[in-house]
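Predicted model, so just to flag it, every value in this text is computed and none were measured.
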Amino acid sequence: MENRFGEESVKKLCGVLIDKKAMDVIAIHVGDKTIVADWFVIASGRAVPQVKALCDELEEKSAELNLEIKRKEGYAEGRWIVLDYGFILVHLFHPEERSYYNMERLWNDGDNVLTFE
């Protein structure tokens with residue numbers, strides 16, 4: 001995959017999530033499919049407390065990554081939290097919500113996904 005705008009920032013965000021033990025971390029380049037963002041980062045926590053902890057960790061590390069969170073939605077419920085960095089939207093899911101909404105199916109075209117282990 002070619003180096004797309006913001007890919008380095010996406011990789012850093014995904015690294016934070018992996019370090020915090022997020023499950024199934026992926027990044028999908030959607031810049032040519034929507035005006036909402038250039039990238040979606042999608043990850044899961046095992047339970048509501050972990051989903052919130054993933055969000056807290058991203059908020060804490062954002063300044064170090066030179067990224068500013070413009071909006072945050074869903075934290076109170078902790079089942080689907082969205083962090084808006086402007087050109088990157090981070091979706092943190094509880095496993096049930098991730099399975100139900102299946103965003104990967106909607107946005108993956110086979111050539112626009114970065115996966116992380």
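Side-chain contact between Arg98 and Ile42: present, with at least one pair of heavy atoms (C-beta onward) separated by less than 4.5 Å. For the pair Ile88 and Val41, the minimum side-chain heavy-atom distance is below 4.5 Å. Taking 4.5 Å as the limit, some side-chain heavy atom of Leu114 sits within range of a side-chain heavy atom of Glu7. With contacts defined as side-chain heavy-atom distances shorter than 4.5 Å, the pair Leu83/Leu89 does not qualify.
Put simply, CG on Leu67 and CD on Glu59 are 13.0 Å apart, with the number rounded to the nearest 0.5 Å. Between atom CG of residue Leu17 and atom NZ of residue Lys20 there is a gap of 11.0 Å, rounded to the nearest 0.5 Å. Between the SG atom of Cys55 and the CG atom of Leu92 there is a distance of 6.0 Å, given to the nearest 0.5 Å. Taken to the nearest 0.5 Å, the CH2 atom of Trp39 stands 8.0 Å off from the CG atom of Asn112. One finds the CD1 atom of Ile18 at 13.0 Å from the CE atom of Met23 (value rounded to the nearest 0.5 Å). The distance from the CZ atom of Phe40 to the NZ atom of Lys33 is 10.5 Å, given to the nearest 0.5 Å.
A donor-acceptor pair under 3.5 Å is formed between the side chain of Lys52 and the backbone N or O of Ala76. Without hydrogens or angle criteria, Ser62 side chain to Leu58 main chain gives a donor-acceptor distance under 3.5 Å. The closest donor-acceptor contact from the side chain of Asp24 to the backbone of Gly45 lies at 3.5 Å or more, if one exists at all. Of the possible donor and acceptor atoms, one in the side chain of Gln50 sits under 3.5 Å from a partner among the backbone N and O of Arg46.
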Mind running side-chain contact (heavy atoms from CB on, under 4.5 Å) on Tyr75 and Asp56 for me, showing each step along the way?
CA-CA 10 Å; Tyr75 186 86; Asp56 294 342; 2.8 Å; yes
Worked verdict on Val90 versus Val82 for side-chain contact (heavy atoms from CB on, under 4.5 Å):
CA-CA 6 Å; Val90 177; Val82 179; over 6 Å; no
May I have the step-by-step check of side chain to side chain donor-acceptor pair (under 3.5 Å) for Tyr85 and Ser9, ending in yes or no?
CA-CA 10 Å; Tyr85 288 93; Ser9 294; over 6 Å; no
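Heavy atoms only, all atoms of each residue included: His94 and Val48 are closest at CD2-N, 3.8 Å. In terms of heavy atoms, Glu104 sits closest to Ile28 at CA-CD1, 4.0 Å. Nearest heavy atoms, Phe87 versus Gly6: CE1-CA, 3.6 Å.
Using the six-membered ring where Trp is involved, His91 and Trp80 have ring planes that are tilted, between 30° and 60° apart.
Contact check on Lys12 versus Glu8 returns no salt bridge, with no Lys/Arg side-chain nitrogen under 4.0 Å from an Asp/Glu carboxylate oxygen.
In this structure, Lys21 places its NZ atom where only 12 or fewer heavy-atom neighbours from other residues, nucleotides or ligands lie under 6.0 Å away.
Under the 4.5 Å side-chain heavy-atom criterion for Ile, Leu, Val, Met, Phe, Trp and Tyr, Tyr100 and Ile26 are members of the same hydrophobic cluster.
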